[in-house]
Amino acid sequence: MLIQKSNDIKSAVITPKEFYLNRRQFMLSASAAALATGAALSGLDWTGGTPEVLAGEKLGNVKKSSFSTAEKQNSFKDITSYNNFYELGTDKEDPATNARYLTTRPWTVSVEGEVRKPKTYDIDALVKLSPLEERVYRMRCVEAWSMVIPWLGFPLSSLIKLAEPTGNAKFIQFVTLLDPKRMPGQKLPIMEWPYVEGLRMDEAMHPLTILSVGLYGEILPAQNGAPIRLVVPWKYGFKSIKSIVKIRFVEKQPPASWNRMQPQEYGFYSNVNPEVDHPRWTQATERRIGEFLRRKTLKFNGYGDQVAQLYSGMDLKKFY
Amino acid sequence: MLPWLKPAVFLACLIPLGQLGYNAYTGNLTANPIEFITRFTGSWALILLLSSLAVTPLRKICGWNALIKYRRMLGLFAFFYAALHFLTYMVLDHFFDFQAIVKDILKRPYVTAGFTSLVLMIPLAITSTASMIRRLGKRWQQLHRLVYFAAAAAVLHFYWLVKADIRRPVQYGLVLAVLLGSRLVFSWAPAIARRFSSQRSAGRATANARASKLSRNSES
Ligand code: HEM
């Protein structure tokens, strides 16, 4: 299988934070100010900033993986400047702007619940737990856009095996950090904080499911869910919870944030499925970031061969 | 009224378009330019629509009748940005996939509301010429009440399309509520409107203290 090399990474451009503002809000207010004063053309030179990205530390010793796609990868800039991460703001450009708030050291991840070996891992130990692999995956957002992202990480299953789940462990619950100082978006009551997600045990054990700690050869930028996040490529992006502090093994299906808030719109499973429309967006097509024409969305985001059997016998229109 | 003000307002209404063009030229339309253009033009359509609705209450409060000259211009610019918004959706987003577009309009409440708003604005734009105003007479005013529904549908459109952060659509909704509410107040109690304007002329005629604080505020 042809695997694209990712050594054409441009080192991150650093713009002083003060010069970078949320572009859309800013354009609106710049225009508004200009309109109000009648001072034509003022404010035009304000919009040229590049998103600030924390220059990442390189992660060495990364294995390639046969699970990777050979499709054209989205640029580092696109992946790190267009994010849904409400903890750092609700506009797509906000997380890159607010990335500096999210300090990721010290950081621990507690593995607990129905396991024989509960343990609180320091993030630096967790990263060394298992050899890192590059996984170039398609990422399909529920908002009908998609990207191809070269993640670095390791299979979630390797952590699960170390924890030794008991027979009662049927699901895994994941919890994001709760800290409005480091996650200023949590000051807004737009959803119940902290963000939570869940997987069925077999989904969590699936070899495609990874915990990611980096992308494009560098440690994960804050706006992408640093220091550690889940990546489940056959599900809509919101299932891949970011900035995890707790992994809890449970017997019953745990709550998942969007599902809890709007159960008619977001199911617990949320497998990418062009046949099940979301009330707001068509799921039949998607726009790959960087392309003009929409593409047809693939069932299970194109990972059906590997994962369809997890759901055999289930009515996916009902368990969406 | 200042003679240069009208062209100045006209040019000011083109600033957002210029800004969009400039950002396109410099490659600053975010990772998802089509979404950005859609949202940018949609926002300006709504802002200008609400601005056009602000003319009448402002005129009643300040007694500055010449403001009426700007109402049509603001309304037409709102329509202009709404048309760009729809064209972005039709050409850039769906590339003339009319089947998908019709399905969207019928099936998704937020698109239905946006479409309703746009359709309601069409007869208003067509009948905005001086000769149409003359021809339609009293019916012109009745017809142009549609703008209230167009604005309400646009706010609803915005409210229904956000996933969780409803702050901006709610802000626009509040502005609309104040603008429509002021019309109710003025029509239920014409005396209030008269008081506003008489106080204002009193304040202007005699610089003395008979003018209330309110009228002074409205002048400044
Ligand atoms: C057929 C008519 C219309 C269609 C198909 C349409 C479609 C859309 C779409 C696809 C979005 C972006 C949704 C997203 O990014 O998730 C949007 C946003 C928006 N539209 Fe429309 N729209 C229509 C008419 C209108 C009209 C007439 C107005 C105002 C007068 C308007 C105001 C807005 C606003 C304010 C937004 C949100 C902008 C933001 O997120 O900042 N739309 N519309």
Side-chain angles (χ1 to χ4, degrees), chain A residues 23-25 27-28 30-32 34-51 74-75 77-84 86 89-93 142-143 145 147 185 188 190-191 257-258 261-262 265-266 277-282 284-285 287 289-290 292-294, chain B residues 2 4-5 7-37 39-40 43-44 46-48 51 74 77 91-97 99-101 103-104 107-111 160-168:
Chain A
R23 193 186 286 119
R24 184 152 63 96
Q25 293 289 49
M27 281 184 72
L28 285 179
S31 294
L35 268 179
T37 57
L41 304 181
S42 83
L44 284 185
D45 52 347
W46 290 86
T47 52
T50 358
N74 280 94
S75 68
K77 185 175 177 224
D78 282 354
I79 296 169
T80 56
S81 66
Y82 187 79
N83 306 96
N84 272 325
Y86 283 9
T90 51
D91 279 335
K92 298 286 194 305
E93 301 84 13
V142 73
E143 297 165 351
W145 54 267
M147 292 197 193
L188 294 176
I190 50 177
M191 54 166 60
S257 283
W258 285 101
M261 193 159 81
Q262 280 152 358
E265 296 193 20
Y266 311 94
D277 248 357
H278 183 277
R280 267 181 268 196
W281 305 282
T282 174
T285 59
R287 169 158 296 107
I289 296 300
F292 176 62
L293 291 177
R294 286 170 173 260
Chain B
L2 305 163
W4 51 266
L5 200 54
V9 173
F10 186 91
L11 285 177
C13 288
L14 286 171
I15 291 174
L17 185 68
Q19 206 170 12
L20 197 59
Y22 179 81
N23 274 52
Y25 179 69
T26 54
N28 273 299
L29 294 176
T30 79
N32 194 348
I34 297 174
E35 181 192 72
F36 183 87
I37 299 170
R39 294 186 169 189
F40 189 80
S43 293
W44 279 105
L46 184 53
I47 292 168
L48 288 163
S51 309
L74 291 169
F77 266 113
V91 181
L92 301 182
D93 196 1
H94 288 282
F95 200 64
F96 306 104
D97 182 350
Q99 211 184 332
I101 292 172
K103 194 174 157 212
D104 240 16
K107 191 167 167 186
R108 303 183 203 290
Y110 91 86
V111 184
W160 278 339
L161 73 86
V162 298
K163 283 201 298 183
D165 185 358
I166 55 170
R167 285 176 298 167
R168 281 187 58 230

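We name chains A, B, ... by the order of the sequence lines, and we start the count at 1 in each one. Only heavy atoms go into these numbers, but all of them, side chains included; no hydrogens, no water, no symmetry mates.
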Interface residue of largest heavy-atom contact number with chain B, from A/Asn74, A/Ile289, A/Thr285, under 4.5 Å: A/Ile289
Is any side-chain heavy atom of A/Arg287 less than 4.5 Å from a side-chain heavy atom of B/Asp93?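 Yes, close enough: below the 4.5 Å cut-off.
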Taking atom [atom1] of [X] and atom [atom2] of [Y], what is their separation to the nearest 0.5 Å?
X: A/Tyr82; Y: B/Glu35; atom1: OH; atom2: CD; result: 3.5 Å
X: A/Thr90; Y: B/Ile166; atom1: OG1; atom2: CD1; result: 11.5 Å
X: A/Thr282; Y: B/Arg108; atom1: OG1; atom2: CZ; result: 5.0 Å
X: B/Lys163; Y: A/Met261; atom1: NZ; atom2: CE; result: 8.5 Å

Residue B/Leu92 versus chain A: region with a heavy atom under 4.5 Å: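 It is both, since atoms from each part get that close.
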Go through the structure and list residues passing ring pair (Phe, Tyr, Trp, His ring centres under 6.0 Å) with B/Trp160, not counting sequence neighbours.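 Expected list: none.
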Mind checking ring pair (Phe, Tyr, Trp, His ring centres under 6.0 Å) for A/Phe292 and listing every partner two or more places apart, or none if nothing turns up?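 In terms of ring pair (Phe, Tyr, Trp, His ring centres under 6.0 Å), with neighbours along the sequence ignored, A/Phe292 is linked to B/Phe95.
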Does any backbone or side-chain atom of [X] lie under 4.5 Å from a heavy atom of chain B? Answer side chain, backbone, both or neither.
X: A/Trp281; value: both
X: A/Asn84; value: side chain
X: A/Arg294; value: side chain
X: A/Gln262; value: side chain

For B/Pro109 and A/Pro279, work out which heavy atoms get closest and say how close.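 Of all heavy-atom pairs spanning B/Pro109 and A/Pro279, the closest is CD-O, 4.3 Å.
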Tell me the closest heavy-atom pair linking A/Ile190 and B/Ala164, and the distance in Å. CG2-O, 3.7 Å
Polar side-chain atom of A/Arg280 near backbone of B/Val162 as donor-acceptor pair, under 3.5 Å: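 It does hold such a pair.
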Under 4.0 Å between a Lys/Arg side-chain N and an Asp/Glu carboxylate O for A/Asp277 and B/Lys107?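 Yes.
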